[in-house]
Number of protein chains: 2
Amino acid sequence: MKTLRVPEATVTRLSIYSRFLERLDRNGVTSVSSGEIAEGVGVSPAQVRKDLAYFGEFGTRGVGYNVKDLMHYTMKILNLTQPWPMALAGAGNLGTALCTYRNFRERGFAIVGVFDNDLTKIGKRIEDLTVQPLEEMPQVIKQRGIRIGIIAVPTRAAQEVADLMVRNHLKAILNFAPIALNVPEDVMIRNVDLSVSLEVLTFNLKYRGTYESEE
Amino acid sequence: MKTLRVPEATVTRLSIYSRFLERLDRNGVTSVSSGEIAEGVGVSPAQVRKDLAYFGEFGTRGVGYNVKDLMHYTMKILNLTQPWPMALAGAGNLGTALCTYRNFRERGFAIVGVFDNDLTKIGKRIEDLTVQPLEEMPQVIKQRGIRIGIIAVPTRAAQEVADLMVRNHLKAILNFAPIALNVPEDVMIRNVDLSVSLEVLTFNLKYRGTYESEE
DNA sequence: CGCCTAAAGTTATATATTTCACATATTTTA
DNA sequence: TAAAATATGTGAAATATATAACTTTAGGCG
């Protein structure tokens, strides 16, 4: 059994391949080549093969990959064979949208607890959930076996919420606040920063990836 | 005038530095070192200096950077000296949340038109906006000088909306649909894929960035 | 006024990632 | 059943990115 480091970009693409395969499967496609996957998700065929090679051999030379099999392999690698209940902090517009976000469920993710400290939001119903006070998060995390937290609170409250999540042993946090959260080494943070994405666009609208220094 | 290619990761970090500087400035901090910026956003000091070096010399050796100056420089580089009106397609929960998203405005971004084809959504008011039929997007883009589009429609409708945006000369699209959009070379797409972010987390919850092949 | 310290800017090194090219395996076909 | 076509898996080369080490410059202080 050998352990090897997998580039994060590879994991990201694996997730993309996985969903693409799911779509192929839904459409009744049974076999696919690295070239077709590449075409479908916008990378090179060699990249697809190299990425998959980190995890094993899943194809048949001269033939390609079995869609259903490869889909299952990718989901297993991504740890999606179990459902993932999640705790959401922040019941504003963004939080509400996340609660109803269909793409989560399709992949086994489900927000099972929504928490906020704003008295005007506590008690609000969002589909089949009710916004609870933040202080109730610990017991819900325990009861539901939650391992992933989502932070959708205002920037000024984000660190405090992160601390609370860390104290309650969450090791994975999806953070929408535009701030670098301070957490222990063993806690993973993924930042979703929409302004950053837009600013990469505005930069490129001007320079298209190059920069012309004055003079 | 020499032109040099800037890594996308550098542009991403520049945006992060920029907002961090904005926060320092708001807090009355006037001077900062690469080490403090690094600490504040979670990268190495060398990385900060290297990133800035792509664009010029902004600091004083032995002293550091003037916060206000560097903030302005970064914003100028990122093309944020002008406001950026944006067109949003999709007035569901996510679209609604984006309309009210405060972090956009702070950086000069503003959704000035919301469009949808769902008759139950057209006419709906979201703050000071009214949801319009998609077919009206072209004229609004023209009138308001919009250059950035946001796609927050269901996956099945995303490509069609992208085509519409491309036809109307938008060159930058922020896409929330979990699908690879097909657009001409000169159109930039940034995908925000929340499931992908979560799946990177679930992968790491199991393997922490390494993979142990069976046997 | 010169020495010392701090920190930016820069060059060189190391690491990581992607691309390329090819060897290998499978199926099809003549 | 041999040859051709196809497409995977992989090692080597090329490229890109990040880290580290070093050089330069500014300011403080004795």
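Quick caveat, the model's predicted, so the values are computed rather than measured. Hydrogens, waters and symmetry mates are skipped; everything else that's a heavy atom, side chains included, is used. Residue numbering restarts at 1 for every chain, and letters A, B, ... go by the order of the sequence lines.
More than 12 heavy atoms of other shown residues, nucleotides or ligands fall within 6.0 angstrom of atom CZ in B:R102. No more than 12 heavy atoms of other residues, nucleotides or ligands shown are found within 6.0 angstrom of NZ on A:K142.
Sequence order on DNA chain C of the closest nucleotides to B:S34 and A:A9 puts B:S34 first from the 5' end. Nucleotides of DNA chain C nearest to B:V63 and A:A46 differ in position, and the one nearer the 5' end is that of B:V63.
Here C:dG9 presents its P atom at 7 Å from CG of B:L52, a figure rounded to the nearest Å. The interatomic distance linking B:Y73 (OH) with C:dA8 (C1') rounds to 15 Å, in whole Å. In this structure, A:R5 places its CZ atom 9 Å from P of C:dA16, rounding to the nearest Å. At whole-Å resolution of the value, CZ in B:F58 and P in C:dG9 are 8 Å apart. Across the protein-nucleic acid pair, A:Y65 atom OH and C:dT26 atom C1' stand 14 Å apart, rounded to whole Å. The interatomic distance linking B:K50 (NZ) with C:dT11 (C1') rounds to 8 Å, in whole Å.
The side chain of A:Q47 places an N or O atom within less than 4.0 Å of a non-bridging phosphate oxygen (OP1 or OP2) of C:dT19.
First and last contacting nucleotides of DNA chain D toward chain B (any atom under 4.0 angstrom from a heavy atom, 5' to 3' order): D:dT17 to D:dG27.
Ring planes of B:F203 and B:Y207: tilted class, angle from 30 to 60°. A tilted orientation is assigned to the rings of A:Y73 and A:F58, their planes being inclined by 30° to 60°.
Between the base of C:dG9 and the side chain of B:R49 there is a donor-acceptor pair shorter than 3.5 Å.
Using a distance-only test at 3.5 Å, with no hydrogens or angles considered, a donor-acceptor pair links the side chain of B:N204 to the main chain of B:V200.
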* Test log, rule salt bridge (Lys or Arg N to Asp or Glu O under 4.0 Å), inputs A:R19 and A:E106 -> CA-CA 10 Å; A:R19 188 155 35 196; A:E106 283 172 16; 5.8 Å; no

